[in-house]
There are 2 protein chains.
Amino acid sequence: MSDVGETCHFNYSINLIILIQIRINEHVYLKDPESSKLGRSIVTHSIALIDEIGFEQATFKKLAEGIGSTEASIYRYFENKHKLLIYLVSWYWNWLEYQLMFSTNNVPSAEDRLKIAMKVISQPHTFQSDLLHIDAEALHRIVVGESPKAYLSKEVDGDNKEGYFMSYKRLCACIADICREINPTYAYPTALVSTMVESAHNQSFFAQHLPRLTEIKNGNENEVTEFLTEVVMRVLKN
Amino acid sequence: MSDVGETCHFNYSINLIILIQIRINEHVYLKDPESSKLGRSIVTHSIALIDEIGFEQATFKKLAEGIGSTEASIYRYFENKHKLLIYLVSWYWNWLEYQLMFSTNNVPSAEDRLKIAMKVISQPHTFQSDLLHIDAEALHRIVVGESPKAYLSKEVDGDNKEGYFMSYKRLCACIADICREINPTYAYPTALVSTMVESAHNQSFFAQHLPRLTEIKNGNENEVTEFLTEVVMRVLKN
DNA sequence: ACCAAAATAATAGCAATACTACCATTTGCA
DNA sequence: TGCAAATGGTAGTATTGCTATTATTTTGGT
């Protein structure tokens with residue numbers, strides 16, 4: 001099998017392969033992990049490792065052992081663990097943005113598009129997601145449990161200047177635009193969307209670990225979607 | 001000045017001192033920090049330290065240096081840094097609950113009480129807050145920037161079994177009760193409240209560090225309150 | 001005021017983490 | 001074939017997170 005380089009694959013039952021580039025801000029990595037086998041292996045295995053033992057417990061040493069490589073080699077791709085997390089989370093946001101574009105395409109009603117958006121942010125894996133070397137469900141779990149750590153740090157302003165949170169901002173901006181279509185007079189569309197995106201993760205996490213903080217039942221992601229959709233619709237309705 | 005022991009003080013202009021106990025689940029600490037001078041010093045200085053350099057950069061060693069004590073002494077009060085964070089955050093939730101009780105007392109309208117609750121969660125320092133050794137504003141900043149780290153860990157289930165998140169749950173339950181009074185048929189009052197509480201922090205953080213994720217302007221906490229109040233009212237209105 | 005018990009300080013040490021540096025080997029490709 | 005880039009292997013350092021031991025101070029009770 002040849003090396004396809006900087007690509008991600010979506011397979012369809014018909015004989016067609018669509019190649020999608022999921023581009024990450026190049027300052028996040030020292031060397032593009034999509035450009036080599038080791039790089040892709042780092043991404044694949046880091047998702048499995050963080051999903052399994054959590055971000056704080058994960059180290060480049062353990063990751064290197066899992067891959068059969070060395071700490072020093074991983075440091076050639078990512079400056080540190082924090083940058084790796086930012087990379088993974090950015091990848092996730094870009095993937096969601098693609099899913100949103102794809103699944104709202106040719107949907108004329110803004111309300112319908114907003115409903116799709118709420119589903120995309122709360123249960124992305126129900127859309128197409130059989131990617132080559134990225135375990136999308138594990139990545140989703142990581143985002144639910146670890147993504148706030150990407151921006152909740154003292155380096156947030158520097159990281160932001162480097163553009164590390166562009167992917168997140170773009171996704172929120174897309175959905176906020178739909179909100180504006182529905183109600184152009186509402187004053188806080190972006191705040192509403194970022195609240196909904198964070199809530200999608202929180203509610204899913206609470207349902208699993210702190211069930212007294214939500215009525216939503218563990219694993220019932222339809223309920224999360226329903227909750228978010230209802231909130232956003234009521235807020236935007238006049 | 002005599003040692004007042006396990007107490008917190010609210011001072012009023014009239015000649016009256018009200019003593020309030022802010023009780024934290026006793027498993028969070030090894031030895032009650034309110035029971036000694038050193039303990040209180042640990043709490044006071046840890047708030048200043050975390051506020052200044054952030055939770056990840058803070059260490060017991062740096063804290064000990066700041067106090068003029070030693071790592072080993074701090075370890076007699078808190079098993080580790082994570083437990084200290086849980087202690088501080090729990091203290092904050094208890095304090096908010098007290099503020100909520102106090103400021104909604106004798107307010108007959110549930111809508112009015114909910115509005116007060118939204119203000120309490122988004123700008124707690126506008127209520128009385130001149131405490132003895134706790135810098136409430138710094139603690140609020142810590143909660144905004146670090147509190148999700150208290151539960152976003154692999155130990156969350158164990159910590160929850162120990163009851164470390166009771167304070168948070170109690171506060172949310174109180175506010176959810178007000179929501180049920182306003183609209184007894186709404187299916188997700190607790191989910192709505194936990195979403196609002198987290199959003200209060202997120203929107204404040206975004207306004208300061210990632211302004212493209214919100215319309216709210218940095219420092220304008222009235223806007224956060226307004227945003228939350230509007231959301232919660234529209235969601236609960238029939 | 002004095003003694004015993006408790007609390008704290010001082011020091012040391014250890015294993016793990018988060019890197020960095022250096023050099024040897026392999027691989028890709030011109 | 002040969003050169004450069006990528007990777008592997010090894011080592012080493014500073015810091016972190018924590019424990020243990022002992023010395024000193026503080027305290028509360030008689």
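Treat the numbers as computed from the prediction; the structure is a model and nothing was measured. Within every chain, numbering begins at 1; the chains are lettered A, B, ... in the order of the sequence lines, protein sequences first and strands thereafter.
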Do the numbers put Lys81(B) on top of the ring of Phe55(B), so that NZ or CZ is under 6.0 Å from the six-membered ring centre and no more than 45° off the axis?
-> yes

Within this structure, what is the [atom1]-to-[atom2] distance between [X] and [N], rounded to whole angstrom?
{"X": "Asn80(A)", "N": "dT15(D)", "atom1": "CG", "atom2": "P", "result": "17 Å"}
{"X": "Glu65(B)", "N": "dT15(D)", "atom1": "CD", "atom2": "C1'", "result": "12 Å"}
{"X": "Leu30(A)", "N": "dC19(C)", "atom1": "CG", "atom2": "P", "result": "12 Å"}
{"X": "His82(A)", "N": "dT17(C)", "atom1": "NE2", "atom2": "P", "result": "19 Å"}
{"X": "Ile74(B)", "N": "dT19(D)", "atom1": "CD1", "atom2": "P", "result": "14 Å"}
{"X": "Lys83(A)", "N": "dC19(C)", "atom1": "NZ", "atom2": "P", "result": "10 Å"}
{"X": "Phe78(A)", "N": "dT20(C)", "atom1": "CZ", "atom2": "P", "result": "16 Å"}
{"X": "Lys81(A)", "N": "dT20(C)", "atom1": "NZ", "atom2": "C1'", "result": "18 Å"}

Just by distance, with hydrogens left out, do [X] and [Y] show a side-chain donor and acceptor under 3.5 Å apart?
{"X": "Gln203(B)", "Y": "Thr195(A)", "value": "yes"}
{"X": "Ser36(A)", "Y": "Tyr77(A)", "value": "yes"}
{"X": "His140(B)", "Y": "Gln123(B)", "value": "no"}
{"X": "Thr70(A)", "Y": "Ser73(A)", "value": "yes"}
{"X": "Thr225(A)", "Y": "Ser122(A)", "value": "yes"}

Would you tabulate the pairs of protein nitrogen or oxygen atoms and nucleotide nitrogen or oxygen atoms of nucleotides 8-11 of chain D closer than 3.5 angstrom?
from	atom 1	to	atom 2	distance (Å)
dG8(D)	OP2	Ser69(A)	OG	2.4
dG8(D)	OP2	Ser73(A)	OG	3.3
dG8(D)	O6	Arg76(A)	NH2	3.0

To 10°, what angle do the rotation axes through the five end pairs on each side of the helix from dA1(C)-dT30(D) to dA30(C)-dT1(D) form?
-> 20°

If we only count heavy atoms from C-beta on, is the Arg170(B) to Asn94(B) side-chain gap below 4.5 Å?
-> yes

Does the separation of the ring centres of Tyr151(A) and Phe205(B) fall below 6.0 angstrom?
-> yes

Show the numbers, then the answer: is there a salt bridge (Lys or Arg N to Asp or Glu O under 4.0 Å) between Glu223(B) and Lys217(B)?
-> CA-CA 8 Å; Glu223(B) 265 189 307; Lys217(B) 294 280 161 269; over 6 Å; no

Assign Tyr77(B) to base, sugar-phosphate, or nothing according to its heavy-atom contacts below 4.0 angstrom with the strands shown.
-> sugar-phosphate

Going by heavy atoms closer than 4.0 Å, what residues in residues 44-63 of chain A are next to DNA chain D?
-> none

Verify the contact: side-chain N or O of Ser36(B) to OP1 or OP2 of dA6(C), cut-off strictly under 4.0 Å; return yes or no.
-> no

Would you say dT7(D) has OP1 or OP2 under 4.0 Å from some side-chain N or O of Lys31(A)?
-> yes

Under 4.0 Å between a Lys/Arg side-chain N and an Asp/Glu carboxylate O for Lys149(A) and Glu56(A)?
-> yes

For atom NZ of Lys154(A), decide whether the heavy atoms of other residues, nucleotides or ligands shown that lie under 6.0 angstrom number more than 12.
-> yes

